[in-house]
Amino acid sequence: MTTNKRYPNLAGKLMDERVLKQTAAAHPLQTLTDQELQRGVLPITRDPQPKKCRAWVRFGPHALLVDAEVVMWNDVACGIQFTVDEKLMRCWVWSNAVAAVSAPR
């Protein structure tokens with residue numbers, strides 16, 4: 001079996017997308033609670049220009065790494081959005097579950 005020399009990461013990306021679609025169809029997306037977010041205690045900042053990121057999210061018992069955008073945050077968590085099978089998904093995750101994606105050079 002040969003590998004795709006022009007797009008070496010394509011097969012892995014397609015597999016990741018398929019796993020994400022199947023997991024999202026079978027389990028609900030989890031988000032942090034108001035208590036975990038410390039709503040009413042910590043201010044929330046909304047970003048008018050969301051930043052690209054990679055974030056760990058949970059669908060039921062399954063944790064998956066997704067390409068997302070940070071649209072809001074506070075001192076302990078980030079509100080992110082991402083798409084699964086053309087459906088916009090939004091949730092809150094702990095801030096250390098998010099990594100910034102730098103712009104390509």
Side-chain angles (χ1 to χ4, degrees):
M1 182 188 242
T2 62
T3 60
N4 187 330
K5 291 181 171 91
R6 188 170 192 181
Y7 303 105
N9 298 326
L10 183 59
K13 184 168 175 55
L14 292 174
M15 178 65 83
D16 291 347
E17 288 176 9
R18 188 170 70 200
V19 169
L20 178 60
K21 286 179 188 179
Q22 290 173 344
T23 306
H27 302 282
L29 176 63
Q30 294 183 2
T31 190
L32 299 178
T33 65
D34 287 345
Q35 184 178 7
E36 290 168 326
L37 291 172
Q38 299 180 41
R39 276 202 202 270
V41 176
L42 296 176
I44 293 174
T45 302
R46 294 185 188 275
D47 194 337
Q49 298 177 331
K51 309 296 186 278
K52 292 188 181 298
C53 71
R54 298 273 287 159
W56 286 99
V57 298
R58 286 199 163 278
F59 288 95
H62 305 286
L64 298 171
L65 187 61
V66 298
D67 294 317
E69 293 182 324
V70 176
V71 294
M72 60 183 95
W73 67 87
N74 68 13
D75 288 345
V76 297
C78 295
I80 63 167
Q81 65 183 24
F82 59 99
T83 57
V84 176
D85 206 20
E86 298 182 17
K87 180 180 176 188
L88 184 64
M89 311 285 273
R90 293 184 174 143
C91 66
W92 282 94
V93 297
W94 296 113
S95 57
N96 62 355
V98 177
V101 173
S102 58
R105 293 179 179 199

query = Do any pairs count as a ring-ring contact (aromatic ring centres under 6.0 Å, His included) and have a residue in residues 36-56, sequence neighbours left out, and if so which ones?
reply = none
message = Going by side-chain contact (heavy atoms from CB on, under 4.5 Å), Leu20 matches just one of Asp67, Leu65, Val66. Which one?
response = Val66
inquiry  = Hydrophobic clustering (ILVMFWY, side-chain heavy atoms < 4.5 Å, transitive) - are Val70 and Met72 grouped together?
reply    = no
query = Is there side-chain contact between Val57 and Val93, with at least one heavy-atom pair below 4.5 Å?
reply = yes
inquiry  = My understanding is that only residues two or more places apart in sequence, or in another chain, count here; which of them pass salt bridge (charged side-chain N to carboxylate O under 4.0 Å, His left out) with Lys51?
reply    = Asp47
key: With sequence neighbours excluded, residues passing side chain to side chain contact (heavy atoms under 4.5 Å, CB included) with Ala55   = Cys53, Ile80, Val98
request  = Kindly indicate whether the side chain of Arg46, heavy atoms from C-beta on, has any atom under 4.5 Å from the side chain of Val71.
outcome  = no
query = What residues form a side chain to side chain contact (heavy atoms under 4.5 Å, CB included) with Glu36, not counting sequence neighbours?
reply = Leu32, Thr33, Trp94
Counterpart residues, side-chain hydrogen bond (donor to acceptor under 3.5 Å, both in side chains), relative to Asp34 (two or more places apart) = Arg39
task = Hey, could you give me each pair passing side-chain hydrogen bond (donor to acceptor under 3.5 Å, both in side chains) that has a residue in residues 70-87? Not counting sequence neighbours.
result = Glu69-Gln81, Gln81-Arg90
inquiry  = Donor-acceptor check, side chain of Ser95 to backbone of Cys78, threshold 3.5 angstrom: yes or no?
reply    = no
message = Going by ring-ring contact (aromatic ring centres under 6.0 Å, His included), name the pairs with one or both residues in residues 20-47, residues two or more places apart or in two chains.
response = His27-His62
Nearest heavy atoms of Val84 and Lys21, plus distance in Å = CG1-CA, 4.0 Å
